[in-house]
Each structure stands twice: as structure tokens, then as C-alpha cells.
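See structure below.
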Amino acid sequence: MPVSIRPYQARDEADVVALWIACGLTRAWNDPHKDIARKLAVDPSMFLVCEQDGELVGTAMFGYRSEEHTSELQSPCNLVCRLLLEKKK
């Protein structure tokens, strides 16, 4: 049962949103479909999905915010890790 990591593809959208809902990551005021569209418009290469036995089991979305690098990892275990790393000077 190896886990594979690959870039997000348009066909993943429904499964990604379902995973985020199952993990409690969505908010009433924030449409997850719009979050995906915004990420794809900015840097789609920094949006990854994890699959195990053909099932989507995790996502990772990376980006930059001012002087910080940020990443967010989601899994069905209701685990959310946010990492803020200071930009190396």
C-alpha cells in the first residue's frame, strides 16, 4: 500500500473538497472550490495530492507570503500542519 504524491489535476477537485470537508477544514464563508481556483491561478505546481490504492488520502498546498514560506498539509486523520519558515537571508 505505497502512497504516491503527484501534482493536482482538475479531475481531483471533488475528492479534494470532500477530503477537506471530512477533515473539518472548510468554513462557511470560504468556498473551497474558489480556494482551488485561486491556487491554480497563482502556482499550480505547488498543489500536490497523495493517493493510496487509487484513493485520494491527502493534499499539500504550498505558497509564499511576504517574508515567510508557508505550507499546509491535510490528511483524513483530521491533522493539519502549518509550517512557517523564516526566509533564509
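Of all non-hydrogen atoms in Pro32 and Val17, the two that sit nearest each other are CG-CG1, 3.8 Å. Smallest separation of non-hydrogen atoms from Val49 and Pro7: CG2-O, 4.2 Å.
Proximity of Asp15 to Trp20: side-chain heavy atoms (C-beta onward) are nowhere separated by under 4.5 Å.
Arg6 and Asp12 are joined by a salt bridge, as a carboxylate oxygen and a charged side-chain nitrogen come within less than 4.0 angstrom of each other.
Note that CZ of Phe62 and CG of Leu48 are 5.5 Å apart. Values are rounded to the nearest 0.5 Å.
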Check the pair Asp35 / Asn30 against side chain to side chain contact (heavy atoms under 4.5 Å, CB included), numbers first and verdict last. CA-CA 8 Å; Asp35 286 341; Asn30 198 29; 3.0 Å; yes
Decide side chain to side chain contact (heavy atoms under 4.5 Å, CB included) for Tyr8 and Lys39; before the verdict, give the C-alpha distance in whole Å, the side-chain angles of both, and the deciding distance to 0.1 Å. CA-CA 10 Å; Tyr8 170 88; Lys39 183 61 190 168; over 6 Å; no
Checking Glu51 against Val3 for the side chain to side chain contact (heavy atoms under 4.5 Å, CB included) test, could you report, in this order, the C-alpha distance in whole Å, the side-chain angles of both residues, the deciding distance, and whether it holds? CA-CA 6 Å; Glu51 288 184 320; Val3 174; over 6 Å; no
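Residues Val42 and Met61 fall into different hydrophobic clusters, defined by Ile, Leu, Val, Met, Phe, Trp and Tyr side chains chained together at heavy-atom separations under 4.5 Å.
Judged by distance alone, the side chain of Asp31 and the main-chain N or O of His33 form a donor-acceptor pair under 3.5 Å.
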